[in-house]
Amino acid sequence: MTTHPYAPQGFEVTLSKRWFVAKGYTYETYVKDGGYEGLKKALALEPGEVIDTVKKCNLRGRGGAGFPAGIKWSFVPKEAEKPKYLVVNGDESEPGTYKDRYVLSRDPHMVIEGAAIAAYAIGAHQIYFYLRGEFGLPRRRLEAAVAEAYDKGILGDSVLGKPYKLNAAVHRGAGAYICGEETALLESLEGKIGRPRLKPPFPAVVGAFGGPTIVNNVETLSCVPLIFTRGVDWFLSMGSAKNGGPKIICLSGHVERPGVYEVPNGFPCNKLIELAGGVWKGRKLKAVIPGGSSTPLLVPHACQALAAEGAPESDWPLETDTPLDFDSVARAGSMFGSAGMIVLDENTCMVRTLAILGNFYAHESCGQCTPCREGTGWNTKMLWRLERGEATEDDIDTINSASSHMLGMTICPLADAFAMPVQSYLKKFREEFVEHVRRKGCWFPPFELSPHGDPFWEDTP
Ligand SMILES: Cc1cc2nc3c(=O)[nH]c(=O)nc-3n(C[C@H](O)[C@H](O)[C@H](O)COP(=O)(O)O)c2cc1C
Ligand code: SF4
């Protein structure tokens with residue numbers, strides 16, 4: 001059982017098991033700990049059987065949308081004129097999300113093993129690891145692990161002795177949030193400007209260089225070896241209904257002990273805050289962003305979304321009691337997204353928080369769609385006007401209306417990624433927005449920086 005500093009007592013940590021072990025990122029440590037046994041077991045099966053096994057496990061994609069991995073793999077046509085590809089999405093740029101960089105720098109062989117199993121299942125002979133441009137240590141560790149994998153017969157002309165050609169290359173982006181979106185990522189991988197493509201066709205049919213391509217998140221693929229070493233029942237037991245396996249959550253904001261936590265899927269939001277020492281400085285909880293900056297807020301009030309399900313009002317849980325998995329967070333009116341959970345205390349100004357998010361989304365819009373290119377910028381300008389006390393109540397309605405014209409109107413969901421928080425902040429904290437007009441500006445204190453540096457960045461044992 002665990003002595004892991006960022007997991008519940010008594011919970012068996014598997015995804016981040018080697019993060020605190022000396023040289024946990026090397027082939028030697030990985031293999032000593034049972035590494036590449038999952039790949040061995042998967043190679044003994046037919047590719048279709050590998051896909052069926054992953055389907056049974058309810059492994060939901062950890063990159064944001066929560067799409068079941070096994071089902072996605074089954075969309076790849078068996079026969080294709082062009083080569084098939086497996087692309088590992090390590091772009092990780094959503095504010096609040098910082099887990100994949102640890103997987104890559106602390107346990108790169110687990111991702112390589114998961115990617116090799118996925119590639120074999122879909123019939124791909126080439127893996128591309130696409131990493132965010134700024135990643136230094138994750139890239140160095142991954143490149144060293146790929147070299148070790150070639151050296152040890154995991155990659156190359158055969159895989160663990162099975163005659164299946166499998167190559168891998170590490171590609172570094174140039175630091176654009178939009179290149180995390182899978183089709184923009186493919187454009188960037190092909191050497192073009194990273195702009196999303198219209199879908200359909202989906203990448204599983206027409207992806208990298210025109211060939212069928214599966215894009216999966218780093219953490220999604222890290223889960224795959226566990227399915228084959230521990231089995232389907234174990235994997236299901238580590239999660240909640242339709243959300244199999246353990247989950248890594250990036251917890252930041254106003255908690256005493258921010259960090260990258262590993263918990264079972266469905267671990268309650270309030271318990272995670274407790275595990276992190278509670279809201280800092282003894283303050284009250286104001287709101288939680290559950291899944292990265294683009295996801296709507298959960299607040300410590302009765303969960304209205306569950307009212308429709310017929311329970312008496314006294315039994316409605318608080319939104320912040322929600323189990324953290326894709327379906328439960330959706331039932332509470334938000335999204336689990338990339339599990340970048342940000343806790344906001346009572347001193348947080350919601351107008352300023354939203355305006356800062358707006359700066360980010362306006363800057364990262366690729367500019368192809370008018371509602372996104374113009375809407376993110378206009379709304380951000382209006383939010384700062386409100387924060388400075390120069391706006392009217394009508395401006396609040398304009399912000400709301402502009403965001404409703406962004407939702408579902410664009411090539412990719414980046415416009416929604418800002419429109420959704422705008423609507424959620426306005427719905428849950430409208431009075432605070434109006435008060436900024438009445439008081440002619442903001443009365444909240446300046447934001448305070450967390451005294452915690454990154455608890456385990458760069459100083460890997
Ligand atoms: C604007 C935007 C940014 C995204 N950034 C990432 C990212 O950094 N990493 C990631 O894995 N998925 C990201 N996604 C989701 C990907 O498009 C894709 O759904 C995901 O990589 C699929 O992997 P999964 O099924 O394993 O989750 C992003 C999506 C959007 C719309
Ligand atoms: S929604 Fe925004 S980021 Fe996405 S394609 Fe359109 S302009 Fe580009």
Side-chain angles (χ1 to χ4, degrees), residues 94-96 252-255 279-304 318-320 332-335 340-365 371-407 414-450:
E94 170 93 353
S252 64
H254 303 150
V255 286
V279 179
W280 73 351
K281 305 180 185 184
R283 291 190 194 145
K284 282 196 200 126
L285 178 64
K286 184 163 185 177
V288 173
I289 300 171
S293 60
S294 59
T295 59
L297 297 168
L298 299 176
V299 289
H301 304 136
C303 187
Q304 302 274 331
L318 302 184
E319 285 185 11
T320 45
S334 184
M335 294 157 77
M341 180 169 149
I342 308 171
V343 171
L344 306 177
D345 75 13
E346 58 188 320
N347 283 4
T348 312
C349 170
M350 302 313 280
V351 176
R352 201 184 314 151
T353 304
L354 195 54
I356 289 170
L357 289 187
N359 286 350
F360 174 79
Y361 288 104
H363 182 263
E364 296 297 332
S365 166
C372 174
R373 185 186 61 241
E374 303 299 330
T376 49
W378 288 349
N379 263 351
T380 304
K381 276 187 201 154
M382 283 193 281
L383 284 163
W384 281 116
R385 212 151 71 197
L386 195 56
E387 174 70 359
R388 288 193 304 268
E390 296 162 7
T392 64
E393 267 194 55
D394 283 351
D395 288 334
I396 300 175
D397 295 327
T398 310
I399 293 169
N400 203 17
S401 140
S403 68
S404 65
H405 289 102
M406 291 162 68
L407 275 172
L414 187 140
D416 302 10
F418 185 44
M420 287 186 301
V422 167
Q423 300 211 325
S424 157
Y425 287 47
L426 278 174
K427 185 171 161 205
K428 292 188 169 150
F429 293 97
R430 190 179 167 91
E431 206 30 53
E432 193 173 309
F433 282 69
V434 173
E435 199 57 24
H436 274 73
V437 176
R438 288 198 201 114
R439 294 200 199 189
K440 298 203 179 310
C442 184
W443 63 96
F444 283 95
F447 283 154
E448 295 156 85
L449 287 180
S450 166

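Given the structure is predicted, the values throughout are model-derived calculations rather than measurements. Along the sequence shown, residues are numbered consecutively beginning with 1.
- A salt bridge does not link R373 with E364: every distance from a Lys NZ or Arg NE/NH1/NH2 to an Asp or Glu carboxylate oxygen is 4.0 Å or more.
- The backbone N or O of D394 lies less than 3.5 Å from no partner atom in the side chain of D397, so there is not a single donor-acceptor pair.
- Between the side chain of T376 and the backbone N or O of C372, at least one donor-acceptor pair lies under 3.5 Å.
- For the side chain to side chain contact (heavy atoms under 4.5 Å, CB included) with L285, the lone residue among D345, V343, L318 that qualifies is V343.
- Residues S294 and Y361 are in side-chain contact: their nearest non-hydrogen atoms beyond the backbone lie under 4.5 Å apart.
- Between the side chain of E319 and the backbone N or O of V299 there is at least one donor-acceptor pair closer than 3.5 Å.
- Each of R352, E393, E387, R385 was evaluated against H436; a single residue qualifies, E387, per the side-chain hydrogen bond (donor to acceptor under 3.5 Å, both in side chains) test.
- In this structure, the side chain of T348 does not engage the main chain of L344 through any donor-acceptor pair within 3.5 Å.
- Taking the side chain as every heavy atom from C-beta outward, I356 and F447 approach each other to under 4.5 Å.
- Taking all atoms of both residues into account, the shortest heavy-atom contact from S403 to A419 is O-CB, 3.5 Å.
- The existence of a salt bridge linking R438 and E431 is confirmed by a sub-4.0 Å separation between a basic side-chain nitrogen and an acidic carboxylate oxygen.
- The shortest side-chain heavy-atom distance between F433 and I399 does not fall under the 4.5 Å cut-off.
- Of all heavy-atom pairs spanning E432 and F444, the tightest one is OE2-CE1, 3.4 Å.
- When all heavy atoms of T295 and I289 are compared, the closest pair comes out as OG1-CG2, 3.6 Å.
- Nearest heavy-atom pair across A287 and L297 is CB-CD2, 4.1 Å.
- Residue K284 qualifies as open at atom NZ: its count of foreign heavy atoms under 6.0 Å is 12 or below.
- The minimum heavy-atom distance linking N347 with E448 is given by the pair ND2-OE2, 4.3 Å.
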